[in-house]
Q: 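Structure below; questions to follow.
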There are 2 protein chains.
Amino acid sequence: MDTRVHDILRRNQLSVTASREKILNLFLTNTRALAHADIEHKAGERFDRVTVYRTLQTFVEKGILHTIPTADNSVRYALCKNDCFEGHHHDNHYHFICSACGKTECLEEFVIPSVKVPKEYLANNVEIVVNGVCAACRKK
Amino acid sequence: MDTRVHDILRRNQLSVTASREKILNLFLTNTRALAHADIEHKAGERFDRVTVYRTLQTFVEKGILHTIPTADNSVRYALCKNDCFEGHHHDNHYHFICSACGKTECLEEFVIPSVKVPKEYLANNVEIVVNGVCAACRKK
DNA sequence: TATATTTTGCAACACAGTTGCATGTAAATA
DNA sequence: TATTTACATGCAACTGTGTTGCAAAATATA
Ligand SMILES: [Mn+2]
Ligand SMILES: [Mn+2]
Ligand SMILES: [Zn+2]
Ligand SMILES: [Zn+2]
């Protein structure tokens, strides 16, 4: 169990429970984003489906996780950087999904390009998802 | 009923049925993208849920409609331009969703900006959805 | 019009996600 | 540490969305 797990939960005024520890640990020990099903399989078996849903919901509300929109309309979750907090996400980055292995990554190192909108329109937020093949899969 | 309805169906080797006419007409007489629920309400009442699903599926396969990914994971459909055909979509544009009225538009007039990916990665396809407020809603 | 081919509606199902409520567990307090 | 209080969990039941098989109906074709 990653040592940060306990701290992150306390910092967010969450009581430390087995399911929260287990699920948060999954994200701290994996670089890739996880779908609900991944979590239910890896952490699950031991926890009720509803508990997994509620835990993920809580983590998103607290700014511990953020969701990633995908073209196939399945929700994935990834760790937020430290500057997200309750009700205020600042996840100014876009995402990459490998079509071969399904790996989903936050690309935090690149700047979101500016995107045009029609005259008189106001753009608040730009969601970008890049589909492609990751380095590991290209070598195969 | 829009005069193009019949032609579009025949051009795509689809038999002309009441549900296909009605649903296709909805898209030709609306500029905005429609969700399944919109269609079921506007065209529905008269058609079975399953028929609406199958009709939309067929239209997407034929290249008459394309789907739009949204952050809230609900599928929306919009008319393709003429250069899409069976199994080959060429919808190189991004989308705008108004957070006030829900209007969803294809922004065909702008170029998709180039987006960086990590070294050794291959980018195949970039999905962009801009959330904001449309001109009509800003004036209110 | 008669026939072959598609499409439709219905029922039944699968799956994701939500809600209410009683019980169990963690945190706060004494 | 023992007690109290607040919160998290599991279960059952439910809703919404999308799919499938099949018989009946509608369409296209000759
Ligand atoms: Mn991210
Ligand atoms: Mn479009
Ligand atoms: Zn990969
Ligand atoms: Zn609007």
Side-chain angles (χ1 to χ4, degrees), chain A residues 1 5-26 33-62 64-77 86 102 104, chain B residues 1 5-26 33-62 64-77 86 102 104:
Chain A
M1 183 71 60
V5 168
H6 194 273
D7 294 342
I8 293 174
L9 291 176
R10 294 327 309 255
R11 191 192 313 141
N12 287 281
Q13 286 120 47
L14 292 173
S15 44
V16 179
T17 65
S19 57
R20 286 175 180 168
E21 284 188 307
K22 182 84 196 227
I23 292 173
L24 182 49
N25 191 56
L26 275 181
L34 300 170
H36 177 95
D38 297 328
I39 298 156
E40 210 174 315
H41 292 136
K42 290 190 186 181
E45 313 286 338
R46 305 202 44 251
F47 305 110
D48 192 82
R49 247 160 36 84
V50 179
T51 301
V52 176
Y53 278 113
R54 288 201 268 229
T55 303
L56 291 170
Q57 226 169 263
T58 302
F59 286 175
V60 170
E61 279 162 17
K62 289 291 185 179
I64 299 170
L65 298 180
H66 65 274
T67 56
I68 302 173
T70 62
D72 69 329
N73 270 63
S74 67
V75 188
R76 285 175 211 193
Y77 299 86
E86 184 149 12
T104 304
Chain B
M1 183 70 63
V5 168
H6 193 274
D7 294 341
I8 293 173
L9 292 176
R10 293 329 310 256
R11 191 193 313 142
N12 287 281
Q13 286 120 46
L14 292 172
S15 42
V16 180
T17 66
S19 57
R20 285 174 181 168
E21 284 188 308
K22 181 82 194 229
I23 292 172
L24 182 50
N25 191 55
L26 276 181
L34 301 170
H36 178 93
D38 297 328
I39 298 157
E40 208 174 316
H41 293 136
K42 290 190 186 181
E45 313 285 338
R46 307 200 42 251
F47 305 110
D48 193 82
R49 248 160 33 85
V50 179
T51 301
V52 176
Y53 278 112
R54 289 199 269 228
T55 303
L56 291 170
Q57 224 169 265
T58 302
F59 285 176
V60 171
E61 279 163 17
K62 289 291 185 177
I64 299 171
L65 299 180
H66 65 274
T67 57
I68 302 173
T70 62
D72 69 330
N73 270 62
S74 66
V75 187
R76 286 176 210 192
Y77 299 86
E86 183 148 13
T104 305

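Just so we're on the same page: letters track the sequence lines, and every chain starts at 1.
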Q: Send over the distance from A/E21 CD to C/dT25 P, rounded to a whole Å.
A: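 These atoms are roughly 15 Å apart.
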Q: Nearest heavy-atom pair of A/M1 and A/V5: which atoms, and what distance?
A: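 Heavy atoms only, the tightest pair is SD-CG2, 3.9 Å.
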Q: May I have the distance from B/R20 (atom CZ) to D/dA28 (atom C1'), rounded to whole angstrom?
A: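 Rounded to the whole Å, the gap is 12 Å.
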Q: Looking at every strand, decide which applies to A/T58 at a 4.0 Å heavy-atom threshold: base, sugar-phosphate, or nothing.
A: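 Contact class for A/T58: none.
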Q: With distance as the sole criterion, do the side chain of A/R49 and the base of D/dG10 form a donor-acceptor contact below 3.5 Å?
A: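 There is none.
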Q: Could you check whether B/R76 and B/T104, counting side-chain N and O atoms only, form a donor-acceptor pair closer than 3.5 Å?
A: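 Yes - a donor-acceptor pair under 3.5 Å links their side chains.
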Q: Look at all strands and tell whether A/Q57 reaches a base, only sugar-phosphate, or nothing, counting heavy atoms closer than 4.0 Å.
A: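 Since only primed, P, OP1 and OP2 atoms lie under 4.0 Å of A/Q57, the category is sugar-phosphate.
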Q: Separation of A/N12 atom CG from D/dC7 atom C1', in whole Å?
A: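 After rounding, the gap between these two atoms is 16 Å.
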Q: How close or far is atom C1' of C/dA27 from atom CG of A/L14, stated in whole angstroms?
A: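 Rounded to whole Å, this separation is 13 Å.
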Q: If you check every side-chain atom of A/Y53, which of C/dA16, C/dG9, D/dT19 has the closest atom?
A: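 Closest of the options to the side chain of A/Y53: C/dA16.
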Q: Kindly point out which of C/dG17, D/dT27, D/dT19 is positioned nearest to the side chain of B/S15?
A: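 Between C/dG17, D/dT27, D/dT19, the one nearest the side chain of B/S15 would be D/dT27.
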Q: Name the closest nucleotide to the B/H36 side chain, picking from C/dT7, D/dA8, D/dG18.
A: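 It is D/dG18.
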Q: Quick one: B/L9 CG to D/dA26 P, roughly how many Å, whole number?
A: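 Distance, rounded to whole Å: 18 Å.
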Q: For the residue pair A/H36 and A/Y53, is the inter-centroid distance of their aromatic rings smaller than 6.0 Å?
A: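 Close enough - the centres of the two rings lie under 6.0 Å apart.
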Q: Of all the nucleotides listed (C/dC10, C/dT18, C/dT7), which has the minimum atom distance to the side chain of B/V50?
A: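 Of the options given, the side chain of B/V50 lies nearest C/dC10.
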Q: So, A/N12 side chain and A/I8 main chain: donor-acceptor pair closer than 3.5 Å or not?
A: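 Yes; at least one donor-acceptor contact below 3.5 Å.
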Q: Which atom pair, heavy atoms only, marks the closest approach of B/F59 to B/R20?
A: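 Answer, listing the atom of B/F59 first, then B/R20: CZ-O, 3.8 Å.
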Q: Whole Å only: how far is the CD atom of B/Q13 from the C1' atom of C/dT5?
A: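 Computing the B/Q13:CD to C/dT5:C1' distance gives 15 Å.
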Q: Between A/A18 and B/T55, which is nearer to the 5' end of DNA chain C once each is assigned its nearest nucleotide?
A: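 Whichever sits nearer the 5' end wins; that is B/T55.
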Q: Between atom CZ in B/R76 and atom C1' in D/dG18, what is the gap in whole Å?
A: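 My rounded result for the distance is 18 Å.
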Q: Name the closest nucleotide to the A/T51 side chain, picking from C/dT7, D/dG10, C/dC10.
A: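 Nucleotide nearest to A/T51's side chain: D/dG10.
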Q: Does the side chain of B/T17 get closer than 4.0 angstrom to OP1 or OP2 of C/dT8 through an N or O atom?
A: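 For C/dT8, OP1/OP2 do have a side-chain N/O of B/T17 under 4.0 Å.
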Q: Under 3.5 Å, is there any donor-acceptor pair linking the side chain of A/R54 to the base of D/dG10?
A: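 It does, because a donor-acceptor pair links the side chain of A/R54 to the base of D/dG10 below 3.5 Å.
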Q: Starting at CG of A/D48 and ending at P of D/dA12, how long is that distance when rounded to a whole Å?
A: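 One finds 9 Å between P of D/dA12 and CG of A/D48, rounded.
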